[in-house]
Chemist: 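Would you mind keeping the following structure in view while I ask a few things?
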2 protein chains.
Amino acid sequence: MEWLETRELRYFTAVAEELHFGRAAERLGMAQPPLSRAVQRLERRLGVVLLDRGRHGVALTPAGAVLLDEARATLDAAAAAARRTRRAVEPGGRLVLAVKANGAHDLLRALLDAYAREPDAAEVEVVLCGIGEDERMLRDGRADAALLHPLYSSLAGFDSEEVLTEEQVVVLPAGHPLAARTSLTLAEVADVPGLPAARWPLRDGGYPPGPGPEVRDLSQLAQLIALGRTSTVIPASARAWLWTAHSAVPLVDAPSVTTHIAWPPQSRSRPLAALVRTAVGLGREA
Amino acid sequence: MEWLETRELRYFTAVAEELHFGRAAERLGMAQPPLSRAVQRLERRLGVVLLDRGRHGVALTPAGAVLLDEARATLDAAAAAARRTRRAVEPGGRLVLAVKANGAHDLLRALLDAYAREPDAAEVEVVLCGIGEDERMLRDGRADAALLHPLYSSLAGFDSEEVLTEEQVVVLPAGHPLAARTSLTLAEVADVPGLPAARWPLRDGGYPPGPGPEVRDLSQLAQLIALGRTSTVIPASARAWLWTAHSAVPLVDAPSVTTHIAWPPQSRSRPLAALVRTAVGLGREA
DNA sequence: CCTGGTGATACCCGGCCGGTATCGTCCCAG
DNA sequence: CTGGGACGATACCGGCCGGGTATCACCAGG
């Protein structure tokens with residue numbers, strides 16, 4: 001068997017992401033020629049052309065796209081291996097729980113309270129993450145578990161259990177006419193003039209097109225709502241961050257959102273198992 | 001970030017599995033001193049002692065056990081990366097389906113027939129595997145999908161769907177008194193003198209203790225049953241391999257067995273999606 | 001006390017990894 | 001049409017590291 005080294009995978013990943021040898025080399029802190037050679041050697045050893053060096057710069061071949069996916073997974077696994085090994089000798093058996101900032105605040109409180117009463121409980125360090133960062137932290141071993149929403153994060157490759165399913169509400173400026181209603185539909189809030197939905201950044205950092213304001217974090221969003229410039233749809237439990245200038249109205253036809261607790265496959269630690277058990281139990285009684 | 005190379009992980013894995021530097025070096029096709037140095041360097045870079053070099057040979061530390069798990073996962077990912085990339089350029093988009101030999105024969109037939117009629121179908125290569133080999137093939141990228149039984153294989157790290165749940169039957173020599181019954185319980189077949197349950201090899205190649213005969217494949221088992229020396233409990237659908245000298249009697253209290261179809265996370269190919277859809281559909285209508 | 005077995009150390013060599021300099025090619029400006 | 005700039009590939013070189021052999025250090029057992 002011919003083995004791929006993580007160095008080669010790091011190099012290829014950098015080039016595949018930058019689609020530019022010079023910039024990739026800079027990102028890797030090295031010169032461009034050795035990078036070119038390393039990628040050529042990788043292609044030779046695999047017997048597969050990974051990149052089209054065309055006139056218009058560099059492009060991924062289909063095989064290259066496959067390797068990019070696989071290389072990312074492999075590098076995550078390698079990073080996780082190093083981190084988890086180092087953590088294994090640290091005292092105290094702390095658990096790191098990754099949670100999206102401002103999401104499911106009540107659930108998190110309840111989970112931490114209930115877990116603290118478990119016999120197998122370990123100290124829990126909660127890490128509040130930005131969009132998509134919770135999933136990354138779990139994938140590369142910085143976190144031992146995460147509360148994820150399958151809409152935003154992929155559960156692929158993790159073990160997971162459902163914890164809580166909840167309806168969504170629309171958050172409106174408190175004075176808005178619709179804020180007086182006891183329930184609304186998606187169609188009603190979609191058609192309101194002057195309240196275009198806010199736009200969140202995509203994975204690549206760009207924004208989808210549309211009339212609404214671009215927001216990057218919740219405090220921006222909250223202020224824009226309070227100013228009467230936009231509205232947003234959130235899970236009911238996220239009401240924790242509402243201002244007095246906000247009104248939340250239940251949506252009768254919005255898809256419900258489910259929070260899962262996810263952890264790396266093959267994890268066998270007792271404190272983690274207890275955390276999962278606690279979370280699932282919370283979901284059942286709620 | 002300090003990165004682990006797959007070479008180092010291969011070396012450590014070999015030593016951790018052999019618990020002997022000399023044998024590990026031999027298995028790796030290298031001399032012992034460079035292997036010792038490589039593992040020392042790995043320990044130094046991680047800042048973690050992985051092995052106890054005691055007077056009574058080598059033993060894993062707890063951190064070493066963690067790394068062994070993680071290293072295996074990483075090496076599987078790296079092997080899968082190479083294989084899937086190479087396969088991406090092969091023509092025809094063949095799918096490799098790993099199945100435990102002799103398991104769920106009817107289901108497999110039905111699946112292949114139904115899949116061949118799907119619009120997105122690709123050519124399917126069926127690989128019959130020994131115990132646990134199906135899971136390995138899926139983990140290291142030799143297979144694109146597998147029919148797995150969670151009792152024998154871990155689904156951790158895969159995406160999977162339930163396909164079929166079935167009861168189990170006990171297979172007895174045709175002339176045996178109990179073979180005339182229309183149903184039996186586990187207790188009844190456990191207590192039969194002269195028919196001790198056969199013993200299958202464990203992961204490490206050894207056998208669990210017990211009075212029954214040691215078997216390594218189904219033909220051995222079948223012959224031993226036909227000779228009236230043992231009996232076995234199997235899913236009902238495995239009746240395909242029964243001899244005329246065998247009798248199958250339903251067990252009323254054996255745990256039912258569920259077959260899952262599993263595939264690597266993040267797989268997005270249309271032929272694979274069609275295969276999964278076909279399999280799940282089969283399970284529903286059955 | 002010697003001997004066999006095992007892992008660590010000492011020392012050496014070749015290859016590869018990464019650096020600098022330069023080339024070939026394409027695109028575009030003028 | 002031509003010169004220049006951008007970009008990846010090639011040529012060449014030096015140092016480090018991975019791997020080899022020889023040997024040491026330590027322990028168990030006769």
Side-chain angles (χ1 to χ4, degrees), chain A residues 1-61 63-64 67-68 71 75 78 82, chain B residues 1-61 63-65 67-68 71 74-75 78 82:
Chain A
M1 165 128 45
E2 182 75 53
W3 285 93
L4 305 181
E5 291 303 322
T6 62
R7 184 173 0 90
E8 309 177 279
L9 296 178
R10 286 198 313 272
Y11 290 1
F12 169 74
T13 302
V15 176
E17 286 175 354
E18 299 285 345
L19 294 177
H20 189 288
F21 281 79
R23 282 195 299 274
E26 188 183 4
R27 192 172 110 184
L28 292 165
M30 65 187 293
Q32 167 260 321
L35 178 58
S36 284
R37 269 184 305 153
V39 174
Q40 289 175 54
R41 200 165 38 237
L42 177 61
E43 288 179 306
R44 232 182 10 251
R45 284 174 43 194
L46 282 171
V48 172
V49 179
L50 301 169
L51 299 166
D52 275 331
R53 286 98 163 154
R55 17 228 133 278
H56 314 87
V58 180
L60 276 178
T61 64
L67 183 59
L68 179 56
L75 293 176
Chain B
M1 164 127 46
E2 182 75 49
W3 284 93
L4 305 182
E5 292 302 321
T6 64
R7 188 177 352 96
E8 308 178 278
L9 296 177
R10 286 198 313 275
Y11 289 2
F12 170 74
T13 302
V15 176
E17 285 175 356
E18 299 285 346
L19 293 178
H20 188 290
F21 280 80
R23 283 196 300 275
E26 187 183 6
R27 191 173 113 185
L28 292 165
M30 65 188 292
Q32 167 259 320
L35 178 58
S36 285
R37 268 183 305 155
V39 174
Q40 289 176 54
R41 202 168 32 239
L42 178 61
E43 289 179 306
R44 224 177 19 248
R45 284 174 44 197
L46 282 171
V48 172
V49 179
L50 301 169
L51 299 166
D52 275 331
R53 287 102 164 151
R55 17 238 132 269
H56 313 86
V58 180
L60 275 177
T61 64
L67 184 60
L68 178 56
T74 306
L75 293 175

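Per chain, numbering begins at 1; letters A, B, ... match sequence-line order.
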Chemist: In this structure, how many angstroms lie between the P atom of D:dG19 and the CG atom of B:Leu35, rounded?
Modeler: 9 Å

Chemist: Please identify which of these residues, A:Arg41, A:Arg45, A:Arg44, meets the salt bridge (Lys or Arg N to Asp or Glu O under 4.0 Å) condition with A:Glu8.
Modeler: A:Arg45

Chemist: How many Å lie between CZ on B:Arg53 and C1' on D:dC24, as a whole number?
Modeler: 17 Å

Chemist: Ignoring backbone atoms, test whether A:Ser36 places a side-chain nitrogen or oxygen under 4.0 Å from the OP1 or OP2 oxygen of D:dG8.
Modeler: no

Chemist: If you assign B:His20 and B:Gln40 each to the DNA chain C nucleotide with the nearest heavy atom, which residue ends up on the more 5' nucleotide?
Modeler: B:His20

Chemist: For A:Gln32 and D:dC7, give me the distance from atom CD to atom P, rounded to whole Å.
Modeler: 10 Å

Chemist: Nearest 0.5 Å, what's the CZ-CG distance between B:Phe12 and B:Leu60?
Modeler: 5.5 Å

Chemist: I'd like to know if the side chain of B:Glu17 pairs up with that of B:Thr13 as donor and acceptor (distance under 3.5 Å, no hydrogens or angles considered).
Modeler: no

Chemist: For B:Arg44 and D:dG18, what is the distance between atoms CZ and C1' respectively, to the nearest whole Å?
Modeler: 14 Å

Chemist: Roughly, in whole Å, what's the span from CZ in B:Arg45 to P in D:dC17?
Modeler: 11 Å

Chemist: Using atom names, set out every protein N or O paired with an N or O of nucleotides 10-17 of chain C below 3.5 Å, distance rounded to 0.1 Å.
Modeler:
{"residue": "C:dC17", "atom": "OP2", "partner": "A:Arg41", "partner atom": "NH2", "Å": "2.5"}

Chemist: Measuring from atom CG of B:Leu51 to atom CG of B:Leu19, what distance do you get when rounded to the nearest 0.5 angstrom?
Modeler: 8.0 Å

Chemist: Can you tell me the distance, in whole Å, between the CD atom of A:Glu8 and the P atom of C:dG18?
Modeler: 10 Å

Chemist: Using whole Å, report how far CG of A:Leu28 lies from P of C:dG18.
Modeler: 10 Å

Chemist: Closer than 4.0 angstrom, basic N to acidic O: yes or no for B:Arg10 and A:Glu5?
Modeler: yes

Chemist: Taking the side chain as everything from C-beta on, heavy atoms only, tell me whether A:Leu67 gets closer than 4.5 Å to A:Leu46.
Modeler: yes

Chemist: Output the rounded distance in Å from CD (B:Glu26) to P (D:dG20).
Modeler: 13 Å

